[in-house]
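Note that the coordinates shown come from a computational prediction; the quantities given were computed from them, not determined experimentally. In what follows, chains carry the letters A, B, and so on, assigned in the order in which the sequence lines appear, proteins first and then strands, with residues in each chain numbered from 1.
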There are 2 protein chains.
Amino acid sequence: MPEEDWTPPPVLLAVDLVIFTLRESVLHALLVERGVDPFCGALALPGGFLDNDREDVVAAAHRELQEEANLDAAQLHLEQLGAYGAPDRDPRGRVVSVAYLAIAPGLPVPIAGTDAARATWTPVSDILGGHVRLAFDHEQILIDGLERARSKLEHSALATTFCGKTFTINELQQVYEAVWGIELDLRNFYRKVQAVSDFIVPIGAERRAGKGRPARLFKAGPRTTLHPPLTRPTGATTAEGKQ
Amino acid sequence: MPEEDWTPPPVLLAVDLVIFTLRESVLHALLVERGVDPFCGALALPGGFLDNDREDVVAAAHRELQEEANLDAAQLHLEQLGAYGAPDRDPRGRVVSVAYLAIAPGLPVPIAGTDAARATWTPVSDILGGHVRLAFDHEQILIDGLERARSKLEHSALATTFCGKTFTINELQQVYEAVWGIELDLRNFYRKVQAVSDFIVPIGAERRAGKGRPARLFKAGPRTTLHPPLTRPTGATTAEGKQ
DNA sequence: TCAAAAGTGTTCCATTTACACCCATGC
DNA sequence: GCATGGGTGTAAATGGAACACTTTTGA
């Protein structure tokens with residue numbers, strides 16, 4: 001038991017960000033190349049330390065998102081994944097990191113000249129397949145983020161944030177297929193997704209894709225939690241994103 | 001962007017524990033009466049600061065569980081709920097807390113003379129009903145822990161850890177009813193729970209409860225994840241535990 | 001023999017799945 | 001026309017809810 005005048009040891013608090021997007025129907029994560037030791041030159045999740053001792057933790061995550069990825073922080077929903085606090089996870093000392101999950105529609109890599117200069121979108125399958133190694137315990141954080149994203153697709157309207165302002169049902173389906181890493185029956189997906197009231201609402205217009213019948217365009221509806229949920233087939237937990 | 005020689009602000013890291021148990025088929029949470037300011041005299045979740053800067057965060061949670069509740073830490077599974085880091089959550093300064101969820105079978109309140117002297121099991125419905133106020137943001141942490149426990153019951157064999165070494169199916173059902181806050185059809189529960197292979201295994205013996213047909217005794221099986229899951233009725237999210 | 005608790009069988013209904021089929025467009 | 005992708009209909013399989021019914025005990 002601590003003494004009366006005992007003071008707890010201070011730690012350094014960092015935030016790390018798992019940012020997913022879809023590029024050509026393939027799930028990508030945002031990585032940055034580290035410019036300083038430790039792990040200088042290696043790839044890592046974007047993130048950083050608290051700015052000052054009055055900064056909210058989720059605010060720090062938003063700030064890093066802005067600084068390192070140049071993504072407008074206010075728009076994106078950040079969800080906490082958890083704290084990572086193994087004593088030896090950072091060779092510099094005792095660093096506890098709070099990880100957040102963010103989802104963004106497909107965007108170009110932002111401008112050089114900022115912290116984001118070394119930011120790159122990397123296919124998730126490359127990371128999970130071992131072709132790309134991440135610094136610290138960031139691979140575990142990314143795996144946890146992927147599982148969280150997969151689960152969120154079932155119960156929330158998260159998938160629409162992968163898409164643009166308007167989208168076809170098929171585009172929405174490709175989001176589910178890319179994140180879940182499986183293929184879905186497009187005809188059943190059609191009805192399932194439209195049976196969820198206020199999940200997606202028809203915009204009236206259509207989109208011509210060159211050949212075939214034009215697809216109706218939809219926009220995200222007001223609903224954020226899905227009733228009934230769009231459940232993925234049980235046991236179909238693929239380690240990698242859709243090829 | 002921080003300067004080269006800039007150093008991040010240190011924070012104090014704490015752990016808080018949401019510990020649930022069942023006493024007479026009512027869900028209880030372990031609370032401690034605070035002996036020091038702030039919130040001196042108020043009830044709070046058990047927890048405390050990191051002991052030293054080499055201590056693992058989950059190890060600190062185990063240690064506090066031992067110190068404050070006298071519960072054998074090694075036996076219990078701790079699951080991280082997340083980090084709570086609002087700047088003003090602790091008037092003493094910048095304290096970020098990592099919360100953990102633990103489940104214990106019904107146990108008496110441990111011995112006086114330790115940190116655990118002021119530990120009490122409190123019905124969860126009293127806390128959620130506003131009859132009991134908690135210090136800091138501990139009510140929110142407890143609510144998050146309850147929702148996590150409810151969800152875990154669906155997909156994991158967690159419910160058996162609420163019971164003793166052996167139990168009847170009816171006792172197991174009471175766990176689900178107490179945590180979910182709803183009533184279940186005992187006849188359907190029977191088959192559902194036995195349809196999950198290796199979830200519970202019959203021990204051969206029976207238990208006589210005074211009147212009525214003796215119930216078969218079971219013990220927890222090797223399976224930790226439930227296939228198929230025991231889903232709770234959709235929309236049946238009661239705010240309080242079973243009365 | 002009756003009450004009470006354990007355990008079984010069966011029916012009904014909602015959801016899921018698989019797939020046949022029709023619609024609208026470019027070439 | 002015909003290939004291509006968009007969208008609808010429908011029947012079989014599945015799984016859960018409801019509940020009648022049987023079994024085993026104590027009193």
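Relative to the side chain of Q194(A), the nucleotides dT8(D), dT23(D), dA18(D) differ in distance, and dT8(D) lies closest. The nucleotide whose nearest atom lies closest to any side-chain atom of E206(A) is, among dT4(D), dC19(D), dT25(C), dT25(C). Taking only side-chain atoms of K192(A), from C-beta outward, the nucleotide of dT4(D), dT17(C), dA6(C) with the closest atom is dT17(C). Of the candidate nucleotides dT25(D), dT8(D), dG6(D), dT25(D) has the atom nearest to the side chain of P214(B). In this structure, the nucleotide among dG6(D), dA4(C), dA6(C) sitting nearest to the side chain of N170(A) is dG6(D).
Rounded to an integer number of Å, the gap from CZ of R216(B) to P of dT23(D) is 15 Å. Distance, R213(B) CZ to dA5(C) P: 14 Å, rounded to whole Å. When the P atom of dA18(D) is taken as reference, atom CD of E183(B) falls 12 Å away, rounded to whole Å. Rounded to whole angstrom, the span from the CZ atom of F218(B) across to the P atom of dA6(C) amounts to 12 Å. As a whole-Å value, the separation of L184(A) CG from dT16(C) P is 13 Å. In this structure, NE2 of H227(B) is placed 14 Å from P of dG15(D), rounded to the nearest angstrom. As rounded to whole Å, 16 Å separates atom C1' of dA6(C) from atom CZ of F167(B). Summarising the geometry, the separation between CD on Q174(B) and P on dA5(C) is reported as 11 Å, rounded to the nearest angstrom.
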Apply side chain to side chain contact (heavy atoms under 4.5 Å, CB included) to I169(B) and R216(B), showing your working. CA-CA 8 Å; I169(B) 291 190; R216(B) 282 181 286 193; over 6 Å; no
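For a distance-only test at 3.5 Å, the side chain of R208(B) fails to qualify as a donor-acceptor partner of the base of dT25(D). Side-chain atoms of R191(A) come within donor-acceptor range of the base of dG9(D), with a qualifying N/O pair under 3.5 Å. In terms of polar N and O atoms assigned as donor or acceptor, the side chain of N188(A) comes within less than 3.5 Å of the base of dA18(C) in a complementary pairing. Residue-to-nucleotide contacts include no donor-acceptor pair under 3.5 Å from the side chain of R187(A) to the base of dG9(D).
Taking for each of P228(B) and D185(B) the nucleotide of DNA chain D with the nearest heavy atom, the 5'-most of the two is the partner of P228(B). Comparing L186(B) and K211(B), the nucleotide of DNA chain C nearest to each residue sits closer to the 5' end for K211(B). Remark on DNA chain D: of its neighbouring residues I169(A) and T231(B), the 5'-side contact belongs to I169(A), judged by nearest-heavy-atom nucleotide.
A perpendicular orientation is assigned to the rings of W180(A) and Y176(A), their planes being inclined by more than 60° (bins at 30° and 60°).
Taking the charged nitrogens against the carboxylate oxygens, R89(B) and D16(B) do have a contact shorter than 4.0 Å, which makes a salt bridge. The residues E171(A) and R207(A) are annotated as salt-bridged, a charged nitrogen and a carboxylate oxygen being separated by less than 4.0 angstrom.
The two atoms that bring I141(A) and L81(A) nearest to each other are O-CD1, 4.0 Å, heavy atoms only.
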